[in-house]
Each structure stands twice: as C-alpha cells, then as structure tokens.
2 protein chains.
Amino acid sequence: MLTIRDIAAKAGVSVSTASRALNNNPRISVATRKRIQALAAAEGYRPNYNAKNLTAGEANAVGVVFPTSDRNSTDNPFYIDLLRGINTELMKRQYVLSVAISKTAAELLENVKAMVAQGKIKRFVLLYVHQDDPIAAFLREKQLHFVTIGEPIDGNDDYFVDNDNLEAGIGGASFLLDQLAVKHPVFVESGHEWGYERQRRQGYERVAAQFNVEPLTCKLHDLEYVRSFIEHHPEIDGIMATDDFNAIEFYRLVRERYAVSHFPVVSYNHSLPTGLTDADLHSVNLFPEKMGSATVSLLFGDRQDKTATPRKQIRIPYEIK
Amino acid sequence: MLTIRDIAAKAGVSVSTASRALNNNPRISVATRKRIQALAAAEGYRPNYNAKNLTAGEANAVGVVFPTSDRNSTDNPFYIDLLRGINTELMKRQYVLSVAISKTAAELLENVKAMVAQGKIKRFVLLYVHQDDPIAAFLREKQLHFVTIGEPIDGNDDYFVDNDNLEAGIGGASFLLDQLAVKHPVFVESGHEWGYERQRRQGYERVAAQFNVEPLTCKLHDLEYVRSFIEHHPEIDGIMATDDFNAIEFYRLVRERYAVSHFPVVSYNHSLPTGLTDADLHSVNLFPEKMGSATVSLLFGDRQDKTATPRKQIRIPYEIK
DNA sequence: CTGTTAGCGCCTTCAC
DNA sequence: GTGAAGGCGCTAACAG
C-alpha cells in the first residue's frame with residue numbers, strides 16, 4: 001500500500017512537506033504543491049482515513065439515523081432517493097455515509113452512542129421528526145451537528161430540511177381545482193397525523209375557501225370506514241392525497257363503487273411506476289435528492305458568501321406536472 | 001476522553017496489559033482480565049476505533065452497496081428491513097454499516113473503491129444481482145469478502161443469501177390452488193424478468209401441472225395490455241403475483257371490469273398495510289431481517305461447528321399465512 | 001518555504 | 001503473566 005512516505009520519497013521532499021502539499025497548505029509553494037499533487041495522483045495514492053481520523057480526532061463519516069419503524073411513515077422510495085442525494089454530496093467531501101437503523105429505540109440510541117464514542121462521528125442526519133426524541137436530545141447534549149428531515153415539532157431550534165408543505169398543499173389544491181377543474185374534491189390522508197399531512201391539508205383548506213368549496217377530508221382508517229365515506233359522497237369528482245399510495249388506495253375504492261375513469265388526482269412523492277393507473281394522476285415531485293444535498297450543505301455550514309449568516313433551514317420547492 | 005492509558009492507570013497495570021485484558025488475550029490471567037474489563041465497563045471506557053483500525057489495517061465497517069436505480073427493482077420496504085437485519089448483527093460485532101449509493105454506475109464504483117483504499121473496508125454486501133457487475137469484479141480481484149442478496153446469475157461462485165424462490169413459488173401456488181381452491185389462477189409479474197420472478201413462476205407452473213390447470217401468466221407492461229388481458233380471461237378466479245404491489249395493481253384492474261370481492265390473492269413481501277384491500281390477500285413473508293442476519297454470518301464466515309465446511313449460501317425459508 | 005520531531009490511541013513484538 | 005518500546009499513517013508544533 002502506498003503511503004505518504006512513498007510519495008515524499010519519490011518527490012524528494014520530507015513527509016511533512018508532502019502532507020502539507022496534499023492538504024493544500026498555503027505555506028507550501030504553489031509549484032511544489034502542484035507537483036506533489038500531480039505525482040500522488042499519478043501514483044494512485046490514497047490517504048488512509050483511519051490515520052487521518054486518528055490525528056483529526058474526528059471521523060470522515062456522517063451518521064444517518066432511520067426511524068425505528070417506518071411501516072407507517074412516509075413512503076420508502078423517498079428515503080432511498082434522499083440517501084442518494086446525501087451520499088453524492090458526501091463523496092465530494094471525501095465523507096462516508098454510516099447508517100444507524102434498528103427495530104428498538106434503545107438499540108438505536110446505543111448505535112448512535114457507539115458512533116459518537118467509538119467512531120468519532122460528529123455529524124448526523126435524522127430521517128424523521130419525533131416529539132421528545134432521545135437521540136436528538138443526546139446529540140444536542142454532546143453539541144454535535146445534526147439536521148432533521150422535516151420541520152421540528154417540539155419547539156427545538158434544530159437545523160432542518162423540508163418541503164414547504166403548506167405551499168405544496170396550496171399548489172396541489174390550486175392545480176386540482178383550477179387546472180383540473182374539480183368541483184368536489186376530497187383530501188385523503190393516512191390518519192397518522194404526520195406534520196406534512198397537516199400542513200398540506202391546511203394549504204388545501206385555504207384554496208378550498210378561495211374556490212368556495214366545502215373542504216372534505218377522509219382519513220384512511222379502514223376499509224369499511226372509507227367505503228361508507230365514499231357511499232355518502234357520490235359528488236366527489238377529484239382527489240387530493242398526501243401520497244401516491246393513499247391516492248391509488250382511495251381511487252381504487254371510488255372505482256369499486258362508481259364507474260368513473262380518468263379521475264383527476266393530485267398526490268405527492270412521484271413514487272409510482274407510470275402507466276398502470278387510469279387516474280389522471282399528477283404527483284407532486286418533492287425532489288428528495290435535492291433535499292439530501294441541501295441536508296449535507298446545512299450539516300457542513302455552507303454559506304452563499306462569507307458574510308451571510310448561516311441558515312438553519314432549507315425548504316426545497318416542489319413541482320407539479 | 002477516556003483512553004486505554006487511563007484504564008491501565010486506574011487498574012494499576014501497564015497499557016499493554018490493559019490492552020490484552022480488554023481483548024481477552026489468554027496470556028493474561030482470567031482474574032485480572034475480569035477485573036480490568038469490569039473496571040473499563042464501570043468507567044464507561046470505549047475504545048477509539050480509528051486507532052484500532054489503524055493498527056489492524058482494517059476498518060470495523062461493512063460496505064452495503066445499493067443498485068444504481070431501484071425504481072424497477074424489488075420493492076423498498078424489503079431493503080429497509082434487510083438493512084435492519086444486517087445492522088443489528090453488525091452492532092453485536094462492533095461493526096458499522098456504511099452505504100454506497102449513487103445514481104451512476106461510475107460514481108458507485110468510485111464510492112466502493114474509496115471505501116476499500118481509503119477506508120480499509122474489506123467486507124461488502126451487494127443488494128442486487130447483475131450480469132457482469134463491475135463492482136463484483138473489482139471486489140473479486142481485490143480478494144475481498146462479499147455477499148450478494150439474490151443468487152448470482154453469471155456463473156460466479158460468489159457467496160449469497162436468497163430465498164428459495166422455487167420452493168416459495170411452489171408453496172404459494174399450492175396454497176392458492178389447494179387451500180383457497182382457485183381453479184383458474186393467473187401469475188402476475190413485473191415484466192422485468194427478475195431472477196426471483198422467473199423462479200417463482202417455475203414453481204407456479206409446476207404446481208399448475210399437478211392440478212391440471214393451464215398456467216396463465218400476465219406481465220404488467222401497460223394499462224391497455226393488462227385490461228385487454230383481463231377482458232379475454234373472464235375465467236380468472238385467483239391471483240398469484242410476484243409482489244404485493246403487482247398484486248393489488250392487477251386486482252384493481254380486475255375489479256374495474258368484474259364485480260368481484262374477497263378475491264383470492266397470493267403474493268410476496270408482506271409490504272402492505274393491512275385492512276385497505278378487500279382481496280383475500282395472503283402475502284408470503286420472506287423474512288428480510290433474517291436474510292440480513294444470515295448475510296452477516298456468511299460475511300464473517302460463521303460455522304455451526306469448527307469441522308463444518310463454510311457455507312457459501314444460505315436460503316431463508318418463507319411463511320404463508 | 002521546508003525539514004525534524006513528537007504524538008494521536010492502540011496493538012504487538014520482544015524482553016523479563 | 002506482565003511491562004517497555006516501537007510502530008501503524010498522518011498531522012502539527014517547533015525550528016531553521
């Protein structure tokens with residue numbers, strides 16, 4: 001394995017000069033810096049990060065924490081795209097993505113603690129928002145950087161990346177009522193009262209008021225409930241749902257009762273394969289990969305220019321097509 | 001931060017004794033070993049893994065590689081549960097899960113190379129099976145351990161964990177034809193020709209032959225195709241699908257055409273919330289978490305007893321309820 | 001601008 | 001059974 005000594009030797013300089021050159025230390029003349037960097041690249045030198053981390057006292061890793069159970073959470077393609085966005089950005093910084101995931105909250109916390117104590121990881125991403133989360137509390141106490149995906153709900157002033165769900169709700173509802181000319185929309189949500197659902201619903205309600213329509217809402221509790229709901233609301237002529245799965249689930253039940261087709265639907269996340277539903281489905285793209293890259297830039301305290309105060313939150317815009 | 005020197009000092013022994021005691025080295029008397037371990041635990045000592053890794057020349061991390069794009073792949077809850085299974089097992093070994101994930105194949109390979117060269121990671125899990133995969137080739141060339149999720153298709157004798165998809169196909173079909181008494185089943189698959197789909201189909205065909213029924217198959221190409229298929233096959237009275245999403249998709253289209261309910265359905269992965277379909281849905285549980293833990297035991301060369309030859313593959317059984 | 005030296009925390013030869 | 005010393009690869013004082 002090629003070490004920095006080898007590079008130093010081949011370049012005819014001392015190890016420390018090589019080290020400084022490779023780290024772009026201004027104390028080394030630009031000429032030798034370039035020369036040594038070129039040499040290292042040519043020889044295929046790769047620094048040993050265990051050694052770097054040992055001296056730095058900090059690992060080149062970001063801990064990404066999954067919620068304990070996501071069976072009821074926002075859907076999964078979203079997570080995967082988010083991971084992709086995060087990791088692409090981390091690679092540029094020569095960082096690695098480590099995940100903490102477990103079935104039990106206790107084990108998960110232990111996982112994070114091990115990352116901190118044994119792994120010297122100092123930056124984390126929480127892929128969820130919980131009330132009084134012990135992991136967030138631990139990270140705060142240890143004064144470590146972390147960013148949550150989704151706006152905090154417990155009043156803590158944490159860094160976060162989110163969509164503007166209120167705006168997305170307004171946009172989606174406007175699209176449904178205006179472009180798709182729906183007169184009797186229904187808002188379909190999971191029944192878990194997630195923050196993003198509430199916010200999108202508020203957007204929906206606001207637009208409904210503008211259009212003078214009654215803001216009808218249905219939670220997907222169970223089959224009987226929804227069937228009965230649909231039975232009592234034959235007037236429904238369009239769906240706005242908090243995600244694609246809720247949308248097709250409800251639509252399926254509508255079709256079961258009434259002979260409709262090309263039914264106007266607006267939902268979120270862009271997570272279905274196309275062509276397999278006859279609904280006129282417009283899924284709002286929330287750009288999870290962009291959220292991932294924004295997360296990283298928040299995590300590392302990027303700023304537009306030096307004078308700008310660092311931001312604590314980033315909202316990613318949406319797109320309806 | 002508590003280092004091994006602190007422990008050594010408090011125990012009144014030298015650093016090397018402390019090190020050996022903590023690593024359960026038999027050269028240290030059992031008594032002092034216990035004593036020092038107890039002390040370390042009481043003081044909350046945690047070894048610095050960057051230092052350990054530096055001397056060991058190998059990181060306490062496993063690289064988990066995601067496919068470039070999984071939009072068309074097996075569904076995602078499966079991945080998440082798999083990750084959970086892998087990580088739970090890794091934690092026991094004081095290992096960390098690092099992920100490689102990217103949109104492009106080139107960047108993904110670069111990601112893995114960096115993990116190897118800079119991170120000293122020597123063990124990998126590939127969450128996919130590809131023909132002539134450059135990443136698998138790289139890992140083979142470097143003689144690193146890796147396990148694929150799914151049986152290799154290119155004739156390479158790699159380690160893998162999989163379900164017994166043929167058996168699961170036979171089991172699922174038997175359940176549908178026997179227990180659920182279906183006379184005119186249809187086999188629904190994605191059209192991507194994944195290995196597991198082919199194998200389950202073979203199981204289905206075998207059972208169909210036993211029951212003297214025509215092995216009907218439908219690929220979910222596009223809406224028109226499937227609708228026409230359903231139109232031409234009014235006799236269908238039960239569905240066997242390669243996963244839950246394919247199942248409900250097809251079922252929706254059946255219901256759209258015919259007034260059925262409590263339709264018998266067998267599919268795989270157990271990935272839907274219950275209560276929101278009126279199909280008589282029996283989803284085969286493939287125990288992704290178990291697959292994860294089996295993956296790790298393969299990766300670390302566990303054996304039942306010392307004399308047993310190491311296994312290169314593990315098949316996880318299924319369950320139908 | 002560059003070289004020498006010490007040390008990050010831990011493990012492991014080599015002595016006793 | 002235990003200790004002292006050196007080194008893993010790299011960075012950061014301290015010199016010059």
Side-chain angles (χ1 to χ4, degrees), chain A residues 1-37 39-40 43-61 94-96 114-122, chain B residues 1-37 39-40 43-61 94-96 114-122:
Chain A
M1 205 202 62
L2 220 46
T3 78
I4 201 171
R5 321 181 77 83
D6 302 318
I7 300 302
K10 302 208 187 212
V13 298
S14 77
V15 184
S16 53
T17 300
S19 171
R20 284 193 265 253
L22 293 172
N23 291 303
N24 249 318
N25 187 318
R27 284 170 51 182
I28 304 294
S29 72
V30 182
T32 46
R33 255 191 275 170
K34 290 259 180 271
R35 182 169 67 85
I36 296 180
Q37 287 169 6
L39 178 69
E43 300 278 339
Y45 165 75
R46 306 258 200 156
N48 179 334
Y49 266 90
N50 289 314
K52 282 191 95 130
N53 294 340
L54 178 57
T55 54
E58 170 172 359
N60 65 326
Q94 310 272 58
Y95 263 65
V96 160
M115 284 177 159
V116 172
Q118 318 197 356
K120 306 295 171 212
I121 296 182
K122 295 211 188 310
Chain B
M1 204 199 65
L2 221 45
T3 78
I4 201 171
R5 321 181 76 84
D6 303 318
I7 300 302
K10 302 207 187 213
V13 298
S14 76
V15 182
S16 48
T17 301
S19 171
R20 285 193 264 252
L22 293 172
N23 291 303
N24 251 316
N25 187 317
R27 283 172 51 183
I28 304 293
S29 72
V30 182
T32 46
R33 254 190 274 171
K34 289 260 178 270
R35 184 169 65 85
I36 296 179
Q37 287 169 6
L39 178 68
E43 300 278 339
Y45 165 73
R46 307 258 201 156
N48 179 334
Y49 266 91
N50 290 314
K52 282 192 97 135
N53 294 340
L54 178 57
T55 53
E58 170 172 359
N60 65 327
Q94 309 272 56
Y95 263 65
V96 161
M115 285 176 157
V116 172
Q118 318 197 359
K120 306 295 171 212
I121 296 182
K122 297 211 186 309

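Given the structure is predicted, the values throughout are model-derived calculations rather than measurements.
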In whole angstrom, what separates [X]'s [atom1] from [N]'s [atom2]?
X	N	atom1	atom2	result
A:Leu22	D:dG9	CG	P	15 Å
B:Ile4	D:dC8	CD1	P	19 Å
A:Asn23	D:dC10	CG	C1'	9 Å
A:Asn50	D:dG7	CG	C1'	15 Å
B:Ile28	D:dG1	CD1	P	9 Å
B:Leu54	D:dC8	CG	C1'	4 Å

Looking at [X], I'd like to know whether one of its side-chain N or O atoms comes within less than 4.0 Å of OP1 or OP2 on [N].
X	N	answer
A:Lys52	D:dT11	yes
B:Ser16	D:dT2	no
B:Thr32	D:dT2	yes

Give one of base, sugar-phosphate or nothing for A:Ser29, where a contact means two heavy atoms less than 4.0 Å apart.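 Contact class for A:Ser29: sugar-phosphate only.
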
Look at all strands and tell whether A:Tyr45 reaches a base, only sugar-phosphate, or nothing, counting heavy atoms closer than 4.0 Å. sugar-phosphate

Walk along DNA chain C from 5' to 3' and tell me the first and last nucleotide with an atom closer than 4.0 Å to a non-hydrogen atom of chain A.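 Boundary nucleotides touching chain A, in 5' to 3' order, are C:dC1 to C:dG9.
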
So, do A:Asp6 and A:Glu43 sit near enough that their side-chain heavy atoms are less than 4.5 Å apart? no

Looking only at heavy atoms, what is the nearest atom pair of A:Val13 and A:Ile36, with distance? CG2-CD1, 3.8 Å

For DNA chain C, which residues of residues 5-13 of chain A approach it to below 4.0 angstrom with any heavy atom? A:Val13

Per the atom types in the model, does the base of D:dT2 pair as donor or acceptor with the side chain of B:Arg27 at under 3.5 Å?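 By the distance-only test, yes, there is a pair.
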
Side chain B:Arg33 and base D:dG1 donor-acceptor under 3.5 Å: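 Answer no: no donor N or O sits under 3.5 Å from an acceptor.
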
Does the pair B:Leu39 and B:Tyr45 meet the rule for a side chain to side chain contact (heavy atoms under 4.5 Å, CB included), with working shown? CA-CA 9 Å; B:Leu39 178 68; B:Tyr45 165 73; over 6 Å; no

Mapping B:Pro26 and B:Ala51 onto DNA chain D by nearest heavy atom, which one lands closer to the 5' end?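 It is B:Pro26, whose closest nucleotide lies nearer the 5' terminus.
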
